[in-house]
**Student:** 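This is the structure I want to talk about, given as structure tokens.
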Amino acid sequence: MATSTGSLRRYALTRIALVIPMVLILLTLVFVLMRVAPGDPIQAALGAKLSPEQLAEKRHAAGFDKPMLVQYAEYLRQVVTLNFGHAITDNQPITTILKINGAATLELTIAALFVALAIGVPVGLLAGRLHDGVFDGFGRLFGIITYAAPVFFVGLIFQLVFSKWLNVLPNSGQLNALNNALLPRHTHLTVIDAIWDGNSAAFTDALKHLVMPAVTLGLLLCGVVIRLIRTNIIQTLKGDYVEAARARGVPESKVVWRHAFRNALVPVVTVMGLQVALLLSGAVLTEETFNWPGIGNRLVYYLTNRDYAAVQGIITVFALAVVVISLLIDFVNAAIDPRVRY
Amino acid sequence: MNIEPVISVRDLRVWYGTERGPVRAVDGVSFDVRPGETLGLVGESGCGKSTLGRGVLGLLPTGSAADGSVRFKDRELVGMRQQEMRTMLGAEMGLIFQEPMTRLNPLMRISEHFAETLRAHEPGISGKEIDVRSIDTLRRMGIPPTRYRHYPHEFSGGMRQRIMIALALVLRPAFVVADEPTTALDVLVEAQILSILHDLKRNFDTALLLITHNLGIVAEACERVAVMYAGRIVEVGGARRVFSEPAHPYTRELLRSTISLSTTALHYIPGAPPDLVEPPSGCRFHPRCPDAMQVCPRIDPVEVRTSTGERVECWLHGPAELIPPGGTAPLQRQELASADEA
Amino acid sequence: MTAPSVAEPGGESILEPTQDLRGRPQGPVKRLRQQVKGAQGLSKWLLWIGAAITVIFVILAVFAPLIAPYGFDQYQSGGTRFPKQEGPSGAHWFGTNVRSVDVLSVVIYGSRTAIEVVLLAVCFSLLVGVPLGLVSGYYGGGLDRVLVLVMDALFAFPYLLLAIVIAFLLQDSVGSGVLTAAIAITVIYVPQYFRVVRGSVLSAREEHYVEAARALGAKPRTIMGRYLFFNVIQSVPVIATLNAADAILTLAGLGFLGFGIQPTEAAEWGYELQRGVADMGAGLWWTSIFPGAAIVLLVTGLTLVGEGLNDVLNPLLRRRTGRPVVLPKRMLPRHEEEPV
């Protein structure tokens, strides 16, 4: 790989440079959306509770009475310095919200990704290999139905079965009340923190709470994974280099494994990266269903309470997260596939 | 000829199924190829050349059936089990494909392609020996050892074709089918490839079936040539002989259609290539043959040996005793309506 | 045109006109029908099952007032109030919910809402996305670059958040009914149509017949309208069907979070599910299972149609019709002499 690492670095720099206009557009989009509503954020959030003079005071303090362009510049500066101010309704520092609740969402999405791949990859591989057979039909149907069933519906059913009827798993939340109060948080990823603390009771508790939401969200994604891998396998097995390998007497098992499966898995990384939007949207719904203290949950709360400052901060982070992740995915892709370098 | 042929094909038929009925891609073909000999196989697009090339090696698509006899070194290939064929493909028989750009797995290095092929046939082989043999074969094809570990996309089309040839030859097969190996390449590269194929004869005594629609290549590289039309071989003999005194009208027309420096007007064979589901009755060339006789559409022509030692299937060469009275009169044909021609 | 030859690599492009068995050239619709008829095995089954499901829901939607036993917001009949949160019974097949409304009626009217919103959204998206894609792909240049950047940004954004925000913003001006939901969903899907159409235009633009038309002096409008349009919309039906399926999920998601259609305006499945969460805690399953099942069925139906269409139209995925062939006995004389 000696000659390739040089170009990998160059690729990385070029991609980062290209991403900046996209980020700017996203930020502008967020800013515009937030300001489109009539009135201003302070009015919307606190209008019913405070007198006009107090409102004006708060408005001035938050800088909402300055001209639009100045506000825009302020906003951009905030983003760059990663200082988003405070929520209007409960005065929490937004960065704290992002850190604590963001970690919860991170925990949920990583677990969900794991579930999606663990189920989706084998099913997709088999379905593609046994193209047009019975398993293929079931595999596809499974993929379609898991996508068609809304996340919250699946979550509800799980809750009904496992919490209500079988009573083996907790209904909602990230930890039970006791552990929630007592567990010291370092990373705010409860499973990791429990390991860090050596607390096996908290560890089991954290896992128990994580299972249902993760599987619910993971099922949503595995439909995408199955569809993608299956299609890739089918196309690869009909491909030219597969025919050439067969003509050289390479045994069928090697052909399927080395050429078809391996090549079919390559785009999975990229596509999963593209699914970040889907993942985050699904996370919002899952968090609502299971009362998981993630950032989606907070977003809905602040939206309902018209707390624009908080909403703006959260949505900005979402947008940036999407960009950063897709960048990372591109890098991983370039590392795997030698063709993709500038 | 006293030397035993490496491969003997007798009455090979390869048909495959479509909605309209079976396509008679190869409909009773016979020929021999001896060690160190190159047999050219020419014909228009769609006459069944590729199917024949693959059919001889047993690499048929799904939904096809074959019968007849293909004897390779005293083993009957038609009807042989896939397992057994796999052990022979690559080691004793090889196939060189037409389009080199897509025939190599983009995620595997060239060295890995060779390793895979060699290990498939010699399971205990050491990594070192793989490298030695592969680099040696590559060097004979003009690929330097420094590029042994490169990926396919780092090579040009001509080099990829040379790599493909090296892959087909690394185990020194006795019989190789080259399916239009230079059609996708430019003229200069074509010359290099042809010279490589020529060296095969000299160095390894390989029997080569060279499929092409380019008569110039045949004249340059082949000792014998077989002319194929509508699934049957209509003429076969020494290349020089066939080209200077073509026995079959189709061969003659083909030669006249070739463009050279002395061409002043374009010559073409009127009519369209025949439908292989319902080929014309009797001699399949009769609708387009300028010398067609009354007997031609009525009775299938019988193979005849000409005075110059070639085989040809044409009533112009008799045998006279099988032609009914009046059969030698010229065939009356209505003017082909332009709609029918389309 | 010559008869189809044997060993042609790749198969015909969907952009080139082809012939039918009698040699007559075929238009794209006829070819589509033929390909659908020729689909083999499982794909065909999936396509037809999906179509059947979709049609059933459309019928429910159109004839809702005739089929549903009660109104979607009706909590009483003839002066007596319906029982609250009662399980399935003779009078109420799917039971009643917390507002004393018949769940079966809600489910049936919900299909009407779903289909309304989705139809509106798909139409709007097509009306905006397809022309933008055509123009952007054809003209290229600065306009194209800007549009692509904007569309990519929209596309990258988590779609539900975008929908929530837009629904939210429109609540004050347009109200929270069907139109708002439709517009919110439109904004999410316009980038998809834009991308697909633009991609098709970019490849079709280089085709020879377009070049010829340009050489003959055809105006851009003619080229886009007459030549490119019919070719680029080949891929649109599949996308539209899959988008419709997605849109229903988005609508339900909006409803579930409380940013969708209010129950006084129309029945909506997602909203019912939100109410159903509380019921689940108490073990009342019928208020959420039935609407939820309706969502799953309709989305599955639409997706099957979309996937089925895709299978049928995508040659590489189609299993080759490997009809088994039996070689008949030979009629030609066998080879006796040694060949040369």
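This is a predicted model, so every value here is computed, not measured. Reckoned from all heavy atoms, side chains included, excluding hydrogens, waters and symmetry mates.
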**Student:** Side-chain contact, heavy-atom cut-off 4.5 Å: A/Tyr241 with B/Pro152?
**Tutor:**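 A/Tyr241 vs B/Pro152: side chains apart.
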**Student:** Is the closest side-chain heavy-atom distance between B/Gln82 and A/Glu252 below 4.5 Å?
**Tutor:**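 When only atoms from C-beta onward are counted, A/Glu252 and B/Gln82 do not touch, as no gap falls below 4.5 Å.
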**Student:** Supply the atom-to-atom distance B/Asn105 CG to A/Asp240 CG, rounded to the nearest 0.5 angstrom.
**Tutor:**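 Here the rounded value is 12.0 Å.
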**Student:** Are B/Arg119 and A/Lys254 side-chain neighbours, meaning at least one heavy-atom pair lies under 4.5 Å?
**Tutor:**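 They are not in contact (no side-chain heavy atoms under 4.5 Å apart), so the answer is no.
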**Student:** Quick one: closest heavy-atom pair of A/Ala244 and B/Phe97, and the distance?
**Tutor:**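 Closest approach of A/Ala244 to B/Phe97: CA-CE1, 3.5 Å.
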**Student:** Pick one of side chain, backbone, both or neither for B/Leu167, based on which atoms fall under 4.5 Å of a heavy atom in chain A.
**Tutor:**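 B/Leu167 touches chain A through backbone and side-chain heavy atoms alike.
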**Student:** Between B/His121 and A/Arg248, is the side chain to side chain contact (heavy atoms under 4.5 Å, CB included) condition met? List the steps.
**Tutor:** CA-CA 9 Å; B/His121 297 278; A/Arg248 290 197 299 274; 5.6 Å; no
**Student:** So B/Met108 and A/His259, do their side chains get closer than 4.5 Å, heavy atoms only?
**Tutor:**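 They are in contact (side-chain heavy atoms under 4.5 Å apart), so the answer is yes.
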**Student:** Rounded at 0.5 Å granularity, tell me how far CG in B/Leu95 sits from CZ in A/Arg246.
**Tutor:**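 B/Leu95 atom CG to A/Arg246 atom CZ measures 13.5 Å (nearest 0.5 Å).
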**Student:** On a heavy-atom basis, which atom in B/Ala120 and which in A/Gly249 lie closest, and how many Å separate them?
**Tutor:**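 The pair with the smallest heavy-atom distance is CB-O, 3.9 Å.
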**Student:** Examine whether an atom of B/Met101 lies under 4.5 Å from a heavy atom of chain A, and if so say whether it belongs to the side chain, the backbone or both; otherwise answer neither.
**Tutor:**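 For B/Met101, no heavy atom lies under 4.5 Å from chain A.
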**Student:** Check each atom of B/Leu59 against the heavy atoms of chain A and say whether the ones under 4.5 Å are side chain, backbone, both or neither.
**Tutor:**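 For B/Leu59, the contact with chain A is made by the side chain alone.
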